[in-house]
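None of these values were measured; they are calculated from a predicted model. Letters A, B, ... mirror the listed sequences (proteins, then strands); counts begin at 1.
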Amino acid sequence: MQVFKCFLKIVRQNIGMLIMYLMIFIILVAAFSNFGSTQQLESYSDTKVNLAIIDRDSSGASRALTGILAERHTLISLPDDVQALQDALYNRDVAYILFIPAGYEQTLLSGKSPMLENAQIPSSYSGEYVTHLVEGYTSTLGVYLGAGFSLADALINTANDLSSQAAVTMTHPEGAEAPGIYYYYKYLSYAVLLMIIFGLCPVLMVFNQKQIAMRMNSSALPLRSKNFGLGLGAIALAAICFAVLILFGFIMYGSDMLQSGALICLLNAACFLATSVTLAFLIGQLSKSGNMLSALANAVGLGLSFLGGVFVPLEVMGSDMQRIAQLFPTYWYVHVTDLSIGSGAASQLTTEMAQSMGIQLLFAAAFLAAALVVSRQKQRTA
Amino acid sequence: MKTLYKYRLKCILGDRANMFWTLVFPILLGTLFYVSFGQLLTNIEQLEPIPVAIVEQQQNESFSETLESLASGEDAFITPQHTNKAQALSMLESEEVDGIYVIDESPSLTVKTDGLNQSMLKSVLDSYLQVTATVTTVAHKDPALIADTVRELTNPPQAVEQISLSSGSLDFMRENFYALIAMTCLYGSFFGLSGAVSAQPNLSALGARRSIAPTPKLTGVWSDILAAVTVMFGIVLVLIAYLSALPNIDFGGNIPAILLTSLCGVFVGVMLGMLIGVAVRGSRGTKDGFLISISLLLCFFSGLMYSNMRFIVEKNAPIFNRINPASLIVDSFYTLDAYGAGERFWTNIVLLAAIGGILCAASVAILRRKQYASI
C-alpha cells in the first residue's frame, strides 16, 4: 500500500492540470452543444438561407421580391457598404447578398428582362437555391406583364404562383439533429485522454527516476507489490476521472444518459478509457522531463483528436484522410458515437459497434505491449 | 551590446521547451488544422449533382422533360436513377440518394430527413408547380400565349449576375490559420518572460550576476528584447512560409505588409511576456500560468478555438477587438487579403505598434526603479 499511497500523493500534486482539462472539457461541451445544434437544419420546411437584400430601386416590384424572399428565407439587414457586406459574407453572417438595381421595375414594365446582381459564398448550393427563386420571380412577373396584366395584378398573381409548394413526404420525420449529449461523448475522449496522461505520467516519471528506481529495486519491497501498487493506483485514477466526467454528464443531461444509445456510448467510453490508460503508460515511459511530457501529451492529445474526428467531423475530411484516420483509436471511438447517438442513429448495439470497441481494446493491448518493451529496456540500462 | 545580443540568441535557441511551444507546436497545430478541415477550403460548398431516384407511376411528359433537362449537360443538377418504388425506398434509407421523385399526374417528392439538398430537390418540384400555375392563369386570359409562356418560364434568361465584393478570398477557414499565426506571435511572450526573469536579481541567479556587472541595465534588457524579437520573427516567418506552401492557403502577394504585421505582432508578444515578468509578483510558475492564460484568452477572442469569435466580439464589444493584439493580427491578415494595405490595415498596424510601445514603456518603467539592498 505504500506505493499506492505515494501514487495518490503525486497525483494530488498535479491535480491542477486535471482540473484544467476538466474545465476545458466542460467549456467545449457547453459551447459546442449549443453552436452545433444551431448549425444543424431545422425540422422540414425548406432550409432557410441567411440573406441580405440591398434594394436600390424601392419600387413595388422590388418590395414584393423582398417580401417573397423574406417569407422563404431569413433576411439580415446590412448597410450598403462594401466592407460591411464583404465582412458579413466572409464570416457567414449571410450566405447571399442580392442587389436590386435602381430601375428594376421600370425595366420590367418596358418588357425587358432586368439584370440583378448578387454576391455569395463561392459556388454554394444555398446561393444557387436563392438565385433560382429570384429568377423564377423575375421571369414570372415578366410573363404576367407581357401578357397584359397591370402591375398590381401581375404582382399579386406572381406572389400567388410562387406560393404553390410541393408536398414532401419524410421517411424520418424526427430530423437529423444530433443531440447535445452527442457532443458530450465526442469531446469526452479528449478529456479522458489528457486527464489520464497528466494524472498517470508524472507518477511513472517519478518512479522511473534512475536513483529512485535503483533505491526501490534494492529495497525489501518485492517488485510484485510495487507493480501491484502502481496498477491499483492507475485503476483508481482512471475510475475517479471517469466517474467525475460521467457525473458531469448526468448533471447536464439527466435521464438522457440512460437511453440505450447513451449506454452504448458509456460502454464505448470505458473501452477508450482502457486505451487512454495504456497510452498514458507508454507516454510515461517515454517522457524524460515535465517539459517533454507536456509537449508529448499535447501533441498526442490534439493529434488524435483532430485526426480521429473528435474536433472536426470526419465527413469534412478528404477520403484519403478518412482512411488514414482509421489508424487512430479515436476514429473508432467516434465511429461508435456516430452510430449510436449521432444523426439518424440506430441506438442498438450492432456488430459494427462491437467491432469498433474491440479495435479500441486491441489498440490498448498494443500500447501496453509497447510500453512494457520500453520499460524492460529501461530496466536493463538502469 | 553585440556580445550580449549574441549570447542571448544562443540562450533562446538552446531553450528547447520554449522552442517546442513557439516553433514545433504551431507547425503541428497548423498541420492538424490543415488535414482536418483543409478540405473545407476547396470541397464543401461546391456544387455536385444531387443523387435522386425516379419512380414513374404514370406518364407526365412535362415533368419528365424537366427532370431530363436538369440531369443533362456539364453542370447537371441531379444524377437520376430510374427504379421502382421499393428499390427507391431502400436506396433512400441507405442514403444512396437524397430523394425520390414519384412521377404521377401530380408529381411528389419523398426524402429521408431535411437538408439543403432536399430543399433543392423540392425547389425543382415547386417551380414545376409554379410554372403550371402561371400557365393556367395566363391561359385564362389569352390561350394564344401559352406556348410563349411555357418557353419563357422553362428557359428563363439569366436574371442574376454574380459579382465579387473584393479581391479577397471568402474562405472562412483561413480565419483559423490567421489565428494560429497570432497565437505564435503571442507565444513570443515566453521569451519575453524568460528575458524578464533573467534580468531580475531576485528571480534568478543570472539576474543577480547581471545586476552587479558594469553593463547598464537598459543595455541588457534591450539586447534581450532584440534577441527575442529576432528569433520569434524568424519563427513566424517559418510558420507563414510553411502554411503558404500548403495548397489553397496563401497570404496575398504583399510581402512587405506581411513582414510588417508579423514584426509588430512578435514585438507585442515579446513585450507582453516582459511586462508580465516584471509586473506580476510570484514564482516563475505563477508568471508562466498567468502568461499562458492571458495569451490563450486573447487568442480565444481572436477566433483560435471558435472561428466566429472575432465577429461575435466585433458585434458586442468592438473596442475589445481594437485592443486585443491577437484580433488585430488576424484582422490585419484578413484585411490585407480582402482589401489590400489600405486604411483599415494601417490602423491595425498603428494600434499594434502602440500596444507594443505601451507594454514596453511600462516594463522599462517598472524594471528601472527596482533596487535591491540585499538578496
Side-chain angles (χ1 to χ4, degrees), chain A residues 31 41 43-44 46-47 82-83 85-86 89-93 113-126 128-129 131-132 134-136 138-140 143 147 157 161-162 164-172 175-176 291 295 298-299 302-303 306-307 311-312 316-318 321 344, chain B residues 16-17 20 25 28-29 32 35-37 39-40 43-47 89 92-93 108-117 119-120 122-123 125-127 129-130 133-134 137-138 141-142 145 149 152-153 156-166 168 170 172 306 308 311 334 338-339 344:
Chain A
L41 303 159
S43 68
Y44 204 96
D46 292 320
T47 299
V82 173
Q83 288 210 3
L85 294 175
Q86 153 82 22
L89 213 49
Y90 172 79
N91 82 46
R92 305 300 190 255
D93 257 358
S113 49
M115 201 51 145
L116 292 87
E117 284 176 334
N118 87 310
Q120 65 179 59
I121 304 164
S123 56
S124 70
Y125 260 157
S126 47
E128 200 80 345
Y129 183 45
T131 296
H132 186 77
V134 174
E135 293 192 330
T138 307
S139 58
T140 309
V143 163
N157 284 339
D161 289 355
L162 289 187
S164 35
Q165 301 237 2
V168 178
T169 322
M170 253 205 290
T171 55
H172 286 252
N291 283 333
N298 278 291
L302 288 173
F306 269 108
L307 299 176
F311 288 157
V312 183
V316 305
M317 299 189 197
M321 261 328 291
Chain B
R16 272 161 60 189
F20 171 83
F25 185 67
L28 180 83
L29 208 55
L32 289 177
V35 293
S36 33
F37 48 72
Q39 288 291 324
L40 287 179
N43 265 4
I44 222 171
E45 299 180 333
Q46 218 139 74
L47 303 172
L89 279 172
L92 184 67
E93 192 60 31
S108 67
L109 173 69
T110 307
V111 295
K112 186 175 177 186
T113 54
D114 44 18
L116 186 55
N117 278 3
S119 296
M120 301 285 288
K122 178 170 172 280
S123 83
L125 201 52
D126 283 348
S127 44
L129 294 176
Q130 286 154 16
T134 310
T137 320
V138 172
K141 190 172 161 95
D142 184 357
L145 288 171
T149 306
E152 211 158 305
L153 289 178
Q158 191 198 358
V160 181
E161 188 184 24
Q162 199 177 322
I163 55 167
S164 53
L165 294 169
S166 77
L170 283 171
F172 187 41
Y306 178 60
N308 255 330
F311 296 97
Y334 162 66
Y339 314 116
R344 182 160 151 194

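Contact between B:Val160 and A:Glu117 at its shortest, heavy atoms only, is CG1-C, 4.3 Å. Looking at every heavy atom in both residues, A:Gln83 comes nearest to B:Arg344 through OE1-NH1, 3.1 Å. The minimum heavy-atom distance linking A:Ala166 with B:Lys122 is given by the pair O-CE, 3.5 Å.
There is no contact between B:Arg16 and chain A, counting heavy-atom distances below 4.5 Å. B:Ile163 touches chain A through backbone and side chain together, each having a heavy atom under 4.5 Å away.
Atom CD in B:Gln162 sits 13.5 Å away from atom CG in A:Leu116 (nearest 0.5 Å).
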Before giving the answer on side-chain contact (heavy atoms from CB on, under 4.5 Å), spell out for A:Leu302 and B:Phe25 the whole-Å C-alpha distance, their side-chain angles and the decisive distance to 0.1 Å. CA-CA 10 Å; A:Leu302 288 173; B:Phe25 185 67; 3.6 Å; yes

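Side-chain contact check for A:Asn291 versus B:Phe20: every heavy-atom pair is 4.5 Å or farther apart.
Here B:Ala159 is the residue among B:Ala159, B:Ser127, B:Ala17 with the most heavy-atom pairs under 4.5 Å with chain A. When A:Ala119, A:Ala147, A:Ser164 are compared by the number of non-hydrogen pairs under 4.5 Å with chain B, A:Ser164 comes out ahead. Options A:Ala295, A:Ser113, A:Gly303 differ in how many heavy-atom pairs under 4.5 Å they form with chain B, and the most are formed by A:Ala295. Looking only at heavy-atom pairs under 4.5 Å with chain B, the residue among A:Asn118, A:Leu89, A:Thr131 that has the most is A:Asn118.
Across A:Thr140, A:Asn157, A:Asp161, a single residue satisfies side chain to side chain donor-acceptor pair (under 3.5 Å) together with B:Thr134, and that is A:Asp161. With A:Val143 as the partner, the side-chain contact (heavy atoms from CB on, under 4.5 Å) test is satisfied by one option alone out of B:Leu145, B:Thr137, B:Thr149: B:Thr149.
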